[in-house]
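Take a look at the structure below.
Hydrogens, waters and symmetry mates play no part in the numbers below; they use all other heavy atoms, side chains included. Note on naming: letters A, B, ... go to the chains in the order of the sequence lines (proteins, then strands), and numbering restarts at 1 for each one.
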Number of protein chains: 2
Amino acid sequence: MSVAIENFVKAIYKNGKSKTNNTKPGNIAKVLNISSAAATDMAQKLAAKNVVIYEKYQPLKLTEKGNKMALSIVRKHRLWESLLFKLFDLSLHDIHKEAELLEHQTSDLLAEKISEYLGNPKFDPHGDPIPNADGEITTIDTSIPLSKAQEGKSYIISRLISSDKEFFDFCSANGLKYGNTVTISKQFISSKMTQISINNNTIVLNSDFTNIIYVNENN
Amino acid sequence: MSVAIENFVKAIYKNGKSKTNNTKPGNIAKVLNISSAAATDMAQKLAAKNVVIYEKYQPLKLTEKGNKMALSIVRKHRLWESLLFKLFDLSLHDIHKEAELLEHQTSDLLAEKISEYLGNPKFDPHGDPIPNADGEITTIDTSIPLSKAQEGKSYIISRLISSDKEFFDFCSANGLKYGNTVTISKQFISSKMTQISINNNTIVLNSDFTNIIYVNENN
DNA sequence: ATAAATTTTTAAGCTTACTTAAAAATAATT
DNA sequence: AATTATTTTTAAGTAAGCTTAAAAATTTAT
């Protein structure tokens, strides 16, 4: 399976999980930066390979085989992110970009070795769960976005759901990092802003950020 | 530049360095497992890009630009080999195969990070020199093949020039490893065999092996 | 030196992964 | 419900990187 196919399958998987949940060719095309025509074309080819279920004008779905493929790629991506994060001083954004390329050139054997070396981690540095070698995600995600966190309570950052450079630069500059503790000092309901305290600093985040920073209660 | 181009340029570089020194399209085609027609075609395309010097029926040569490209790929390959060798329990053959893929998906930034992490090594686990970030090989190779080593003398293994699985399996089973010490107990001139002593074992190697195992005098 | 063998090049054709433009279907709006 | 807007599909075409087959040049052998 080519890189183009792997990226296509991965995009269907990710779009299917996202809140918009739009897996129509046009939307897949948008995230992959290709034309809708190319996406429709690819969808039809992958249907013939029993990777995608394609019905005209309908959202694309992955077959069992397609799902396994997607999870294998996601696993490799997140293992690479974990390894690069551990070994090198690189921004989360850089790590993501490198992993995006390496994921397609990684044998199952190498993936196993990376996983083993890292102690079979269950989460990558963004807090995203790492599927196991069978393509299963065994952890359950109890985290909530900062926008829904309760005033006065303390939380632990569990996920940074983004691949945007500026966002990661901001996080890195302000201690917003997987595992760190934040306290919600105020929720500005009408303006959808959240004031938090982290590392003895007070910062106010708008909803663009509070919707992609996930936290778990700090018990 | 695509993977196909990178591999083509690398093949010209490597064939140019090898003792046969045959960089005609047919020979490049053979190592890349493509047809001669495809190789000629690629050579002409790369000439237009100022990467290769192409003259009909002549050996292919790299331009300055092509040479830089080749050394950059070789650098990334050898850095990957060094990193994988350090981190994971994988055979030299497996490491080579993985590096063969990863080398094409590695930014200059990541290469720098790998090099730095490893302490800017000058040699990979095969003993091959690692070009620096400017594409220069600063080390000088004083090593000789085992076939030319002197009876009674002791040597340190400096290079294993191969990518053959069986060869590496044999080496690994017999302690023939970069940095290890061997003593030449006998050179069988007419049959071109070499008897060596390593790790208190005596083994006899034919010329297929003694021509690709390189050593330095043990002073 | 010439004939035979080999290698290289050209030519035509294929697949993958795209593109743009137009046609067809779906979704949104009034 | 009909019109308009949007999205999806089809159709035709392109570039990269291959293939095989035949023609042209070079190399080898006699």
Separation of atom CG in A:Asn27 from atom P in D:dT8, rounded to whole Å: 8 Å
Phosphate-side-chain proximity, B:Tyr54 and C:dT9, N/O vs OP1/OP2 below 4.0 Å: yes
Length of the CG-P vector between B:Asn7 and D:dG17, whole Å: 11 Å
Among D:dC18, C:dA17, D:dT8, the nucleotide that comes nearest once only the side chain of B:Met42 is considered: D:dC18
Carboxylate-amine/guanidinium contact B:Lys10 B:Glu103, below 4.0 Å: yes
Rounded distance in Å - CE (A:Met1) to C1' (C:dT16): 14 Å
Residue-phosphate contact under 4.0 Å: B:Gln58 side-chain N/O, D:dT26 OP1/OP2: no
Heavy-atom neighbours of B:Glu151 CD exceed 12 at 6.0 Å: yes
Rounded distance (Å) that lies between atom P of D:dC18 and atom CZ of B:Phe8: 10 Å
5' priority, DNA chain D, between B:Ser2 and A:Asn22 [closest heavy atom]: A:Asn22
Residue A:Lys45, side-chain heavy atoms: nucleotide from C:dT20, C:dT16, C:dT9 that is nearest: C:dT16
Shortest side-chain distance from A:Ala37, nucleotide among C:dC18, D:dA11, C:dT10: D:dA11
B:Thr63 side-chain N/O to B:Val51 backbone N/O, donor-acceptor pair under 3.5 Å: yes
Phosphate contact (D:dT27 OP1 or OP2) by B:Lys24 side-chain N/O below 4.0 Å: yes
Closest nucleotide among D:dA25, C:dC18, D:dT9 to the B:Tyr57 side chain: D:dA25
A:Ser36 side chain near D:dT7 phosphate (N/O to OP1/OP2, under 4.0 Å): no
Rounded distance (Å) that lies between atom P of D:dT7 and atom CG of A:Leu60: 15 Å
Neighbour count >12 (heavy atoms, 6.0 Å) for atom NZ, A:Lys192: no
Distance in angstrom units between B:Ile34 CD1 and C:dT9 P, rounded: 13 Å
Sugar-phosphate, base or nothing in reach of B:Ala4, heavy atoms under 4.0 Å: sugar-phosphate
A:Lys56 side-chain N/O to D:dT7 phosphate OP1/OP2 under 4.0 Å: no
Cation-pi check, B:Lys24 onto B:Tyr57 ring (under 6.0 Å, within 45° of axis): no
Protein-nucleotide distance (A:Gln44, atom CD; C:dT16, atom P), rounded to Å: 14 Å
C:dC18 phosphate, OP1 or OP2, under 4.0 Å from A:Ser35 side-chain N/O: no
Nearest-Å distance for atom pair CD1/C1', residues A:Ile5 and C:dT16: 9 Å
Geometric class of the A:His93/A:Phe168 ring pair [parallel <30°, tilted 30-60°, perpendicular >60°]: tilted
Candidates C:dT8, C:dC18, D:dT9 - which lies nearest the side chain of B:Thr40: C:dT8
